[in-house]
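Below: one structure, written as structure tokens.
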Amino acid sequence: MGSNPNVVEDCMGFLKLFSDGSIYRSNNITFQASAIEDNTVFFKDCLFDKRFNLHLSLYNPQTQISKKLPIVMFLHGGGFCFGSRTWPDIHNCCMRLATGLDAVVVAPDYRLAPEHRLPAAVEDGVEAVRWLQRQALRFKDSNNGSVKGEDDAWLNDVDFDRVFIVGDSSGGNIAHHVAVRLGSGSREMEPVRVRGYVLLAPFFGGVARTKSEEGPPEPILNLEILDRFWRLSMPIGETRDHPLANPFGPRSPNLGQSKLDPILVIVGGKELLKDRAEDYAIRLKKLGKDIEYIEFEGREHGFFTHNSYSEDAEAIIKILKRFMLETSG
């Protein structure tokens, strides 16, 4: 009789990978935050990928603004292994973005590792933009240029020519790869036009350690957890220098040849991921790309998404408003 499979990877008890390839995932997670209710924001869920039963949440603020609203797609974090649009902190973050930016927020889920290793999450990010494209074409093809019915009323409120993709942590990594995939002008997604990308502490990696990675651990994040996320999410047998982890790795595409829409990188000064985010911005700037880097001194990972109504969050909202205005064309 064979022995029982042993645990190969254990993520805080909530996610375990066993030697026989089986996976245990617990949904019994206690959240410090509770979901905020805001009657000024119309909220609904939509199925955007039937193949993998993937849903997104849509937040439509009921503003007094007469002009059409921009669209902000928010890609959540979680090391590619955790996270959902339904988590309270992610829901609250989307509420804050919708009301603070006067924008319709679209928050898709994506397939998680290790059940679905990369590039699955990136492919799902692209598919979420395709879903937007399908809605835009449906609206365009409607008889009178408007759509009736409560479920589709948001289509009358949005400007598909002003779409912004915001990604947090692993979502920031996805946003980078979507930016490279779509290129400047996002022509394959017409009439959807992505105007810019915002990377909040993007989850990038590499075999060689950075100074911030080797520095003091954060309360919710340490180097052991980061390495485990990579082992669970990368294609089997690959290292942290794989192009999906390291944008400037030995096998990564030459980003100098990529035409990219404007990118804004925001990171906390005490984040383990800080040096990689800064290096990413510096290298793209040297390649002539339109990129801006902003660092919040003394802040740690998730300082915006975990507390979306703080003074720091208000400052980020103002930065995003300015970025969106400057890149709207």
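What's counted below: heavy atoms across the whole structure, side chains too, no hydrogens, waters or symmetry copies. Numbers here are sequence positions counted from 1.
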Calculate, to the nearest 0.5 Å, the distance between atoms [atom1] and [atom2] belonging to [X] and [Y] respectively.
| X | Y | atom1 | atom2 | value |
| --- | --- | --- | --- | --- |
| Tyr280 | Tyr293 | OH | OH | 13.5 Å |
| Ile319 | Ile266 | CD1 | CD1 | 5.0 Å |
| Glu292 | Thr327 | CD | OG1 | 10.5 Å |
| Thr305 | Phe74 | OG1 | CZ | 6.0 Å |
| Thr30 | Asn28 | OG1 | CG | 6.0 Å |
| Ser169 | Phe80 | OG | CZ | 8.0 Å |

If the plane angle is over 60° it's perpendicular, under 30° parallel, otherwise tilted; pick one for [X] and [Y].
| X | Y | answer |
| --- | --- | --- |
| His91 | Phe43 | perpendicular |
| Phe82 | Phe14 | perpendicular |
| Phe203 | Phe229 | perpendicular |

>> Assess the residue pair Arg117 and Glu238 against the criterion (salt bridge (Lys or Arg N to Asp or Glu O under 4.0 Å)); give the C-alpha distance rounded to whole Å, side-chain angles, the decisive distance to 0.1 Å, and a yes or no.
In response: CA-CA 11 Å; Arg117 292 176 178 265; Glu238 293 290 352; over 6 Å; no
>> Would Asp312 and Ser310 count as a side chain to side chain donor-acceptor pair (under 3.5 Å) here? Give the steps.
In response: CA-CA 5 Å; Asp312 287 335; Ser310 64; 5.0 Å; no
Tell me whether [Y] is reachable from [X] by hopping between hydrophobic residues (I, L, V, M, F, W, Y) whose side-chain heavy atoms are closer than 4.5 Å.
| X | Y | answer |
| --- | --- | --- |
| Val8 | Ile225 | no |
| Ile282 | Leu273 | no |
| Leu137 | Phe160 | no |
| Phe31 | Ile90 | yes |

> Taking it one step at a time, do Phe164 and Leu101 satisfy side chain to side chain contact (heavy atoms under 4.5 Å, CB included)?
Replying inline: CA-CA 11 Å; Phe164 301 86; Leu101 300 176; over 6 Å; no
Where the side chain of [X] meets the backbone of [Y], is there a donor-acceptor pair that is under 3.5 Å apart?
| X | Y | result |
| --- | --- | --- |
| Asn222 | Pro217 | no |
| Asn92 | Pro88 | yes |
| Arg162 | Lys68 | yes |
| Lys274 | Val267 | no |
| Ser258 | Leu260 | no |
| Tyr24 | Asp10 | no |
| Asp49 | Leu54 | no |
| His301 | Ala201 | no |
| Gln135 | Trp131 | yes |
| Ser19 | Asn6 | yes |

>> For Asp261, run the salt bridge (charged side-chain N to carboxylate O under 4.0 Å, His left out) check against Arg195, Lys289, Arg193 and tell me which one passes.
In response: Arg193
>> Let's go through Lys44 and Trp154 carefully: what are the C-alpha distance in whole Å and the side-chain angles of both, what is the deciding distance for side chain to side chain contact (heavy atoms under 4.5 Å, CB included) to 0.1 Å, and is it a yes or a no?
In response: CA-CA 10 Å; Lys44 75 167 189 171; Trp154 69 278; 4.0 Å; yes
Heavy-atom pair of closest approach, residues [X] and [Y]:
| X | Y | answer |
| --- | --- | --- |
| Ala175 | Ile165 | CB-CG2, 4.0 Å |
| Gly125 | Ile174 | CA-CG2, 4.3 Å |
| Leu272 | Leu221 | CD1-O, 3.7 Å |
| Leu112 | Cys81 | CD1-O, 3.6 Å |
| Tyr197 | Val178 | OH-O, 4.0 Å |
| Pro108 | Leu75 | CG-CD2, 3.7 Å |

> For Phe204, is the NZ or CZ atom of Arg276 found under 6.0 angstrom from the centre of its six-membered ring and inside 45 degrees of the ring axis?
Replying inline: no
> With the threshold set at 4.0 Å, does a side-chain nitrogen-carboxylate oxygen contact exist between Glu127 and Arg130?
Replying inline: yes
>> Tell me whether Arg51 is salt-bridged to Glu123, with the criterion being a basic N under 4.0 Å from an acidic carboxylate O.
In response: no
With a cut-off of 6.0 Å (strictly less than), are more than 12 heavy atoms of other residues, nucleotides or ligands near [atom1] of [X]?
| X | atom1 | result |
| --- | --- | --- |
| Ile220 | CD1 | yes |
| Gln32 | CD | no |
| Asn39 | CG | no |

> Should Lys211 and Asp275 be marked as a salt bridge (Lys or Arg N to Asp or Glu O under 4.0 Å) after you check the CA-CA gap, both sets of side-chain angles, and the distance that decides it?
Replying inline: CA-CA 7 Å; Lys211 185 177 179 180; Asp275 287 354; over 6 Å; no
> Given Arg240 and Asp227, is the salt bridge (Lys or Arg N to Asp or Glu O under 4.0 Å) satisfied, shown in steps?
Replying inline: CA-CA 8 Å; Arg240 297 188 303 274; Asp227 286 350; 3.8 Å; yes
>> For a side chain to side chain contact (heavy atoms under 4.5 Å, CB included) check, start with the C-alpha distance between Met189 and Val163, then their side-chain angles and the critical distance, and finish with the verdict.
In response: CA-CA 11 Å; Met189 295 298 178; Val163 176; over 6 Å; no
> Which of these passes side chain to side chain contact (heavy atoms under 4.5 Å, CB included) with Leu264: Val166, Ile291, Leu320, Leu199?
Replying inline: Leu320
>> Strictly by salt bridge (Lys or Arg N to Asp or Glu O under 4.0 Å), give each pair with a member in residues 69-89 just once, sequence neighbours left out.
In response: Asp45-Arg85, Arg85-Asp109
> Are any of the side-chain heavy atoms of Tyr110 and Val122 separated by less than 4.5 Å?
Replying inline: no
> Where do Leu118 and Met234 land on the side chain to side chain contact (heavy atoms under 4.5 Å, CB included) test, with the steps shown first?
Replying inline: CA-CA 6 Å; Leu118 290 169; Met234 293 304 303; 4.1 Å; yes
